[in-house]
Amino acid sequence: MIKITLPDKSVREYEEGISGIEIAKSISNRLAKDVLSITVNGEVWDLTRGITGNSEIKLNTWEDREGKETFWHTSAHLMAEAIEAFYPGTRFGIGPTVDTGFYYDVDLPDGQQLSEKDLEKIEKKMIELARQKNDIKRNEISKSDALKMFTEKGDNLKTELISELEDGSITLYNQGNFTDLCRGPHLPNTEAIKAIKLTSIAGAYWRGDEKNKMLTRVYGVTFPKQKMLDDYLVMVEEAKKRDHRKLGKEMGLFAFSESVGQGLPLWLPKGAQLRAQLEDFLKKVQKKYGYEQVITPHIGDVKLYKTSGHYEKYGKDSFQTIKTPAEGEEYMLKPMNCPHHCEIYKAFPRSYKDLPIRMAEFGTVYRYEMSGELHGLTRVRGFTQDDAHIFCRPDQLKDEFKKVIDIIFIIFKALEFEDYVAQISLRDPENTEKYIGTAENWDKAEQAIIEACEEKGLNTVTELGEAAFYGPKLDFMIKDALGRSWQLGTIQVDYNLPERFDLEYIGADDNRHQPVMIHRAPFGSMERFVAVLIEHTAGKFPLWLAPEQVVVLPISEKYNDYAKKVLNFLNNSDIRTVIDDRNEKIGRKIRDNELKRIPYLLIVGENEAEAEMVSVRRQGQGDKGIMKLPEFKDFMTKEINEQLTGLYN
RNA sequence: GCCGGAGUAGCUCAGGGGUAGAGCGCAUCCUUGGUAAGGAUGAGGUCACGAGUUCAAUUCUCGUCUUCGGCUCCA
C-alpha cells in the first residue's frame with residue numbers, strides 16, 4: 001500500500017500502481033468525469049499512469065491551469081492527427097499550449113500551403129476523430145528507436161528535436177493512427193474534446209530563428225462543452241469592440257495617414273487633450289519627487305550616438321543619418337533621450353551635494369521598427385517617452401530606484417491598473433557580446449534592482465537575456481483587450497553611459513567619482529500608454545482625463561441661449577464642456593452623447609433656464625437630479641479630487 | 001523583414017468582365033420636443049496605386065503601398 005496526500009493534506013491509502021483516474025473515481029464520480037490530469041509530487045502526469053510510491057497529488061480539472069494545459073495539449077495532437085489525415089507526410093514541429101488554446105507548427109509535404117479556408121475542414125475532421133473515442137497511450141522508447149521511427153517517417157523536424165533529448169527520457173503518445181513524440185501529459189481519451197475552433201494561421205520560423213525555414217502555425221482553442229466555446233467567442237467579440245485602433249478612430253483621438261508614413265501617429269484634438277492631461281498629471285507627481293523638466297532637440301550629431309553606443313548597436317536598423325550641406329557632417333533623429341541628458345549633466349561641474357539630479361523630458365524619439373511589427377499606437381516609429389534620467393551616487397541608487405517604483409504605483413493607482421506583471425530583465429551570461437560594460441558593473445546594477453524589488457515587496461518574474469544593452473531593467477507589463485501583454489513602465493540601471501560620457505562629480509573626499517544613471521519611463525511611451533488605457537476603460541475615461549467632460553443638451557432650440565451661458569460658465573471654470581444644439585429631440589441627443597462616452601450630460605429646458613439650474617445625467621448611470629450651476633461645478637470638482645487625492649498633493 | 005489574409009461612400013459592409021449598392025453618418029427642409037434612435041429630401045466613390053490580359057477591368061494576373069493575424073525584433 002502507498003500513502004497518497006491530497007491538497008487538503010488528508011492522506012489516503014491505495015494499492016501501489018494506482019492511477020490518477022482510479023483515485024478520482026474513489027473520491028467521487030463527478031470528479032472522475034471532470035479530472036483531466038494529475039500532479040504527482042509537482043509533476044503533471046497522465047491520469048492512466050501508475051503511481052509507485054508515497055506521493056502528494058492534485059487532481060487537475062478545467063478549473064486548474066494544469067488541467068486546461070493537458071486538455072489543449074491533447075487538442076494539439078488531435079489537430080495534428082487531422083492534418084496528417086488530409087496531408088500524409090506532413091512534418092510536425094512543436095505543438096504547445098498558449099494562454100488560450102494551443103498551436104502546432106507544421107510543414108506540409110511538396111510545398112503545399114494551408115489557408116484559412118482549410119481550417120473548417122480540419123475542425124470537422126477533429127470532431128470526427130474525437131468521436132472515435134480513441135484511448136491515448138504513452139510509450140517510453142529508446143533514443144535510437146525514436147530516431148529510426150521519425151527518420152522512416154521523413155520528419156526531420158522531430159529527428160532534430162529527438163537528437164537533443166537524453167536517452168531514457170523519450171516518450172511517444174499514440175491515439176488512433178497517430179503517434180507523436182511528446183513529453184506529455186495527455187488526456188486518457190480524445191472524446192473529452194467536444195468543441196473546437198481553429199482561430200488563425202500564421203507563419204513561424206522553425207525554432208524561432210529567422211534564419212530557419214518558415215513553418216505554418218495553426219492556432220486553435222478547444223473546450224469540453226460547446227457552451228464554453230460559444231461564450232469564449234462572444235468574449236473575443238467584446239474584446240474587439242475595445243480595440244484602441246477602433247475606438248481611437250471612432251472617438252477622434254488619433255489617426256494615421258499613408259501620406260505621412262507608416263507608424264507615425266497624428267494626435268487629433270481630443271487625443272492631444274487626453275495626452276496633455278496625462279502629461280500634466282505626471283509632471284505634478286514628478287515635481288513632488290524632485291524632478292526638473294528639460295527640453296532637448298529632436299536630432300543630435302551622429303558622434304553623440306557613437307559615444308553612447310546606440311549607433312553601433314542600432315545604427316543599421318535606425319532611420320538613416322541626416323546629411324547637411326557641410327562635408328562629413330551627419331545627424332541622427334534621436335532614438336533615445338539619454339545622450340542629450342548626459343550632455344546636460346556635463347554642462348556644469350557637479351558636486352556630490354548636487355546629486356541626485358533628476359532630469360525629466362517628454363522626449364519624442366524615432367526608431368525604425370520593422371514594418372510587420374507596427375501595431376496601432378502600441379508599436380510605432382515616432383513616439384514620446386515620459387523619459388527621465390536620474391544621476392546619483394552609488395550609495396543613493398537603491399533608494400532612488402525605490403522612489404521610481406513608487407511613482408509607477410501612483411500612476412497605476414490613479415488609472416486603476418491592477419493586473420500587471422513586474423519583470424526583472426537581467427543579462428544573458430552566455431551571450432556577453434550583446435552588452436557593453438564590465439561584468440563588475442553589471443553585477444552591481446543587477447544586485448541593486450533585485451534588492452530594491454525585495455525591499456518594496458514586489459512580486460517579480462526574472463528573465464535572463466532581456467536586459468537593455470547598457471544595463472538591467474525592471475519592466476511593468478499590462479495586457480490589452482485581447483490578452484496580449486505590453487511593456488509600459490520601465491526602470492533601468494546604467495553604469496555604462498556615465499563611463500562612456502565621462503560623467504563625474506567631485507566627492508566629499510575632493511576626488512572625481514562617476515555617478516550612476518537610472519533611466520525610467522513610468523508610462524513607457526505616451527502612445528502605448530494611451531492605447532492600453534483606451535482598452536482598459538473601453539474609452540470611458542475617468543472624469544479627470546476625459547477630453548470632453550460635460551455636454552450641454554438644450555431641450556429645444558428655444559433654450560440654446562441658456563445652454564450657451566452654461567457652456568461658457570463651465571469652460572471658464574476649467575471644465576471641458578461642449579454643446580449639442582442640433583435640431584434633434586432630447587432622447588436622441590442623450591443617446592448620441594452617451595455613446596460618445598462623455599461623462600456628464602446636462603439637460604436644460606424651460607425649468608432649468610428659469611431657475612438657473614441644470615439637470616444632471618451621469619454617463620451609464622442615468623438621471624442625477626437638478627442642481628444650481630455652482631453646485632454642479634463643486635460636484636464635479638469633488639469627483640475629480642476623489643480620484644486624485646493624495647497622489648501628488 | 002518573413003508567412004498568410006484584407007483594401008468598394010466619412011464609418012460598417014454587400015456586390016460583381018459591360019464604369020456600383022445598403023444601413024449609419026453628413027447637408028437642407030419640416031417638426032420645437034423632458035432623459036438612449038421624429039419625418040422628408042439630397043449630396044458623397046478614378047471600387048488603394050501602377051502595369052498586364054481583354055472589344056471592355058472596380059471585378060482576372062502581376063507588382064507596389066497600406067492594413068490585419070502571427071513569427072522575428074524591440075535602445
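Per chain, numbering begins at 1; letters A, B, ... match sequence-line order.
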Is the distance from the ring center of A/Y104 to that of A/F92 below 6.0 Å?
yes
Let me know, please, whether A/L215 or A/K434 comes out on the 5' side of the other along RNA chain B by nearest nucleotide.
A/L215
Nearest to the A/M336 side chain among B/C3, B/A75, B/U35, which nucleotide is it?
B/A75
In the strands shown, is B/C49 matched to any nucleotide by a Watson-Crick or G-U wobble pair with both distances under 3.5 Å, and which?
B/G63
So does A/Y205 get a side-chain nitrogen or oxygen closer than 4.0 Å to the phosphate oxygens (OP1/OP2) of B/C2?
no
Of all the nucleotides listed (B/G69, B/U35, B/C74), which has the minimum atom distance to the side chain of A/R379?
B/C74
Does the ring of A/Y470 lie flat against the base of B/A75, closer than 5.5 Å centre to centre with planes under 30°?
no
Kindly point out which of B/G33, B/C3, B/A36 is positioned nearest to the side chain of A/S556?
B/G33
Of all the choices, B/C30, B/C74, B/G34, which nucleotide is nearest to the side chain of A/R367 once you look at every atom?
B/C74
Any protein N or O atoms within reach of nucleotides 64-67 of chain B? Criterion: under 3.5 Å, listing atom names and distances.
unit_1: B/U66; atom_1: OP1; unit_2: A/Q262; atom_2: OE1; d: 3.1
unit_1: B/U67; atom_1: OP2; unit_2: A/Q262; atom_2: NE2; d: 2.6

Taking the side chain of A/E594 as heavy atoms from C-beta outward, which of B/A36, B/G38, B/G34 is closest to it?
B/A36
Charged N-O contact under 4.0 Å between A/R597 and A/E548
no
Of the listed B/G69, B/C2, B/A37, the closest approach to the A/M214 side chain comes from B/C2
Listed nucleotide nearest any side-chain atom of A/A468, set B/G4, B/U35, B/A75:
B/A75
So A/K473, base contact, sugar-phosphate only, or nothing? Heavy-atom distance under 4.0 Å.
sugar-phosphate
Decide, yes or no, whether a salt bridge links A/K479 with A/E535 under the criterion of side-chain N to carboxylate O below 4.0 Å.
no
Given B/C73, B/C71, B/A36, which nucleotide is nearest the side-chain atoms of A/Y219?
B/C71
Scan A/A202 against the nucleic acid and name what it touches under 4.0 Å (heavy atoms): base, sugar-phosphate only, or nothing.
base
Quick one: which of B/C74, B/A75, B/G34 gets closest to the side chain of A/F469?
B/A75
